[in-house]
Amino acid sequence: MSLPNFRPPVFSTLGCRLNAYETEAMKELAEAAGVEGAVVVNTCAVTAEAVRKAKQEIRRLARENPGAPVIVTGCAAQTEPETFAAMPEVTRVIGNHEKMQAETWRSLRPADFIGETEKVQVNDIMAVKETAGHLIDGFGRHRAYVQVQNGCDHRCTFCIIPYGRGNSRSVPAGVVVEQIQRLVDKGFLEVVLTGVDLTSWGADLPGGPRLGDLVMRILRLVPDLARLRISSIDSIEADENLMLAIATEPRLMPHLHLSLQAGDDLILKRMKRRHLRDDAIRFCEEARRLRPEMIFGADIIAGFPTETEEMFENSVKLVTDCDLTFLHVFPFSARKGTPAARMPKVPGDQIKLRAARLRAAGDAALARHLDSQQGARHRILMESPRLGRTEQFTEVVFDTDQPEGQIVLARIIGQAQGKLLAG
């Protein structure tokens, strides 16, 4: 029960779905600790542009909330705390591990914002061995997100995220199953498994289970779960049971987002990726053979250092060779402290042009998918009265209200503005 004049903190989330999940956890922790009237910015560090946007957001919120303590956390705060500590608007900088601890938020009650408290609370994320125990039982209104893994053991040459998230660590399967059962009991029809490097789940647990083992266990032990979805995966780490689930479990949704990053073998090696171009193509072909309705999204970087026009063309061709549908294009942005930042750079104007060409290829791929759905019937989870998503995660617009939060069966009659239209 809130007090009459209590002012809850203002939260702002930048970056990935995992950040959004953790913001929900921080809201609960802040509420339990009685934190009042603060501004909390959960930052992203994936690119230099993400850090710039974080600074911009901090300044904006400080202007809009004069006198409010400003707390900065997230991956950018973890990787470069001194940058944010130097900003006059910032009251406290909190690391990614500290932000998930109840004692951190208890120290942020109004009386504690003055005095000799240390401004920066950022410890060595590499020393963290366990995932945070805080579980969210209601993130998302109709689709719930469950964090099963955090951190990453790989060191891709362009990526700063392991230094913001730490090494890979997994939530035990029993804990995951219990949480999903609670979510189903609350009425959620779809659950999405999330993590930083999802296919590394289980490597640090006794017996070394794999992601496919977790998926099969969830589907077996939570029979009332209508839909299970997995977020971004590294296809080279797909295990036997994950492929079995793709082939045999209709409740596992036929949509995978792949961390591909490039379509040229030499660039993949310079990125220190663990797959080659043909590995990605083979995985997509095999997944589609097992599940013909499977569609793919993918992350691809444009203008990685040393990338020639011919190398870039291999990335463009990957869109059709893997038959990708949803493309996330990232213009290369050097991150200080990564090996790629020291490699010979592609000129900025070329990076922009290549990113635009990749986005155009992605738009054409999405249009082909939407065209192919004309006349098809889909089971659609309604996210609002007139907007829902198919099992393939394609957005569908209705011209009449539907039961929000329910799965409806509808026929596709057309497409517009990147969405399907249902009649």
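This structure is a prediction, so every number in the text was calculated from the model and none was measured.
With hydrogens and angles disregarded, no donor-acceptor distance shorter than 3.5 Å links the side chain of Asp153 to the backbone of Asn167. With hydrogens and angles disregarded, a donor-acceptor distance shorter than 3.5 Å links the side chain of Lys345 to the backbone of Ala341. A donor-acceptor pair under 3.5 Å is absent between the side-chain atoms of Thr390 and the main chain of His378, judged by distance alone. A donor-acceptor pair under 3.5 Å links the side-chain atoms of Asp264 to the main chain of Ile267, judged by distance alone. The main-chain N or O of Leu276 is found under 3.5 Å from a side-chain atom of Asp279 such that the two form a donor-acceptor pair. A donor-acceptor distance shorter than 3.5 angstrom exists from the side chain of Asn19 to the backbone of Leu14, with no hydrogens or angles considered. In this structure a side-chain-to-backbone donor-acceptor pair under 3.5 Å is missing from Arg143 to Glu383. Between the side chain of Ser170 and the main chain of Gly202, a donor-acceptor pair closer than 3.5 Å is present. In this structure a side-chain-to-backbone donor-acceptor pair under 3.5 Å is missing from Gln406 to Leu381.
Between the NE2 atom of His97 and the CE atom of Met100 there is a distance of 10.5 Å, given to the nearest 0.5 Å. Of the inter-residue distances, the one linking Ser232 atom OG with Asp197 atom CG reads 8.5 Å to the nearest 0.5 angstrom. Residue Leu266 holds its CG atom at 10.0 Å from CZ of Phe304, rounded to the nearest 0.5 Å. A distance of 10.5 Å separates OG of Ser107 from CD of Glu98, quoted to the nearest 0.5 Å. A distance of 6.0 Å separates CG in Leu258 from CZ in Phe296, rounded to the nearest 0.5 Å. With rounding to the nearest 0.5 angstrom, the CD1 atom of Ile246 is 4.5 Å from the CE atom of Met294.
The shortest distance between side-chain heavy atoms of Ile281 and Leu318 falls below 4.5 Å. Here the side chains of Arg379 and Glu391 are in contact, with some heavy-atom distance below 4.5 Å. Annotation: side chain of Gln149 is not in contact with side chain of Val171 (no heavy-atom distance under 4.5 Å). Between Phe332 and Pro305, the closest side-chain pair of non-hydrogen atoms falls below 4.5 Å. Put simply, the side chain of Val90 does not reach to within 4.5 Å of the side chain of Val41, judged on heavy atoms. Looking only at side-chain heavy atoms (C-beta outward), Gln78 and Arg165 stay at 4.5 Å or farther from each other. A heavy-atom distance below 4.5 Å is not found between the side chains of Val46 and Phe158. Within the 4.5 Å cutoff, the side chain of Leu189 has no heavy atoms near those of the Arg227 side chain.
Residues Ala422 and Phe398 come closest through the heavy atom pair CB-CE2, 3.6 Å. What you find for Leu366 and Gly418 is that their closest heavy atoms are CD2-O, 4.1 Å. Heavy-atom minimum distance, Leu358 versus Leu327: O-CD2, 3.4 Å. Smallest separation of non-hydrogen atoms from Gly164 and Asn96: O-ND2, 2.7 Å. For the pair Trp105 and Phe11, the tightest heavy-atom approach, listed with the atom from each and the gap, is CH2-CE2, 4.3 Å. Taking each heavy atom of Pro81 and Val120 in turn, the nearest pair found is CB-CG1, 4.0 Å.
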Would you sort out whether Arg229 and Val191 count as a side chain to side chain contact (heavy atoms under 4.5 Å, CB included), showing the intermediate values? CA-CA 6 Å; Arg229 197 179 293 279; Val191 167; over 6 Å; no
Can Ser259 and Arg273 be said to form a side chain to side chain donor-acceptor pair (under 3.5 Å), step by step? CA-CA 10 Å; Ser259 179; Arg273 300 293 294 164; 3.1 Å; yes
Determine, step by step, whether Ile230 and Val192 satisfy the side chain to side chain contact (heavy atoms under 4.5 Å, CB included) criterion, reporting the C-alpha distance in whole Å, the side-chain angles of both residues, the deciding distance to 0.1 Å, and the verdict. CA-CA 5 Å; Ile230 54 180; Val192 186; over 6 Å; no
Might you work through the side chain to side chain contact (heavy atoms under 4.5 Å, CB included) test for Phe312 and Glu309, ending with a clear yes or no? CA-CA 5 Å; Phe312 170 70; Glu309 188 65 26; 4.0 Å; yes
Walk me through it: do Val39 and Ile58 pass the test side chain to side chain contact (heavy atoms under 4.5 Å, CB included)? CA-CA 9 Å; Val39 168; Ile58 289 163; over 6 Å; no
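In this structure, Arg274 pairs ionically with Asp234, as a charged nitrogen and a carboxylate oxygen lie closer than 4.0 Å. A salt bridge does not link Lys55 to Glu57: none of the charged nitrogens lies less than 4.0 Å from a carboxylate oxygen.
Applying the 6.0 Å contact sphere to CZ of Arg60 captures more than 12 heavy atoms from other residues, nucleotides or ligands. Counted within 6.0 Å of NZ on Lys419, heavy atoms from surrounding residues, nucleotides or ligands total more than 12; the atom is thus considered enclosed. Residue-environment remark: CD (Gln417) stays at or below the threshold of 12 foreign heavy atoms within 6.0 Å.
Here Glu307 pairs with Arg354 under the side chain to side chain donor-acceptor pair (under 3.5 Å) rule; sequence neighbours left out. Annotation: side chain to side chain donor-acceptor pair (under 3.5 Å) contacts of Asp239 (sequence neighbours excluded): none. By the salt bridge (Lys or Arg N to Asp or Glu O under 4.0 Å) test, Asp299 pairs with no residue at all, sequence neighbours left out.
Side-chain atoms of His369 and Thr394 form a donor-acceptor pair, as typed in the model, at a separation below 3.5 Å. Of the N and O atoms on the side chains of Thr47 and Ser333, not one donor lies less than 3.5 Å from an acceptor on the other residue. Residues Ser168 and Ser200 bring a donor and an acceptor atom of their side chains to less than 3.5 Å of each other. At a cut-off of 3.5 Å, with distance as the only test, no side-chain donor of Thr13 or Asn42 sits close to an acceptor on the other residue. The closest side-chain donor-acceptor pair between Thr306 and Arg270 falls under 3.5 angstrom.
Note on ring orientation: taking the six-membered ring where Trp is involved, the planes of Phe393 and His255 are parallel (angle under 30°, cut-offs 30° and 60°).
Residue pairs meeting the salt bridge (Lys or Arg N to Asp or Glu O under 4.0 Å) criterion with at least one member in residues 66-91, sequence neighbours excluded: Glu80-Arg335. Applying the salt bridge (Lys or Arg N to Asp or Glu O under 4.0 Å) test to every pair with at least one member in residues 241-254, sequence neighbours left out, gives no pairs at all.
The only option from Ile94, Thr104, Leu29 that meets the side-chain contact (heavy atoms from CB on, under 4.5 Å) definition with Lys99 turns out to be Ile94.
Aromatic ring centres of Tyr145 and Tyr21: separated by at least 6.0 Å.
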Side-chain donor-acceptor pairs under 3.5 Å in residues 205-220, sequence neighbours left out?
from: Arg210; atom 1: NH2; to: Glu237; atom 2: O; distance (Å): 2.8
from: Asp213; atom 1: OD1; to: Asn241; atom 2: ND2; distance (Å): 2.6
from: Asp213; atom 1: OD2; to: Arg210; atom 2: N; distance (Å): 2.8

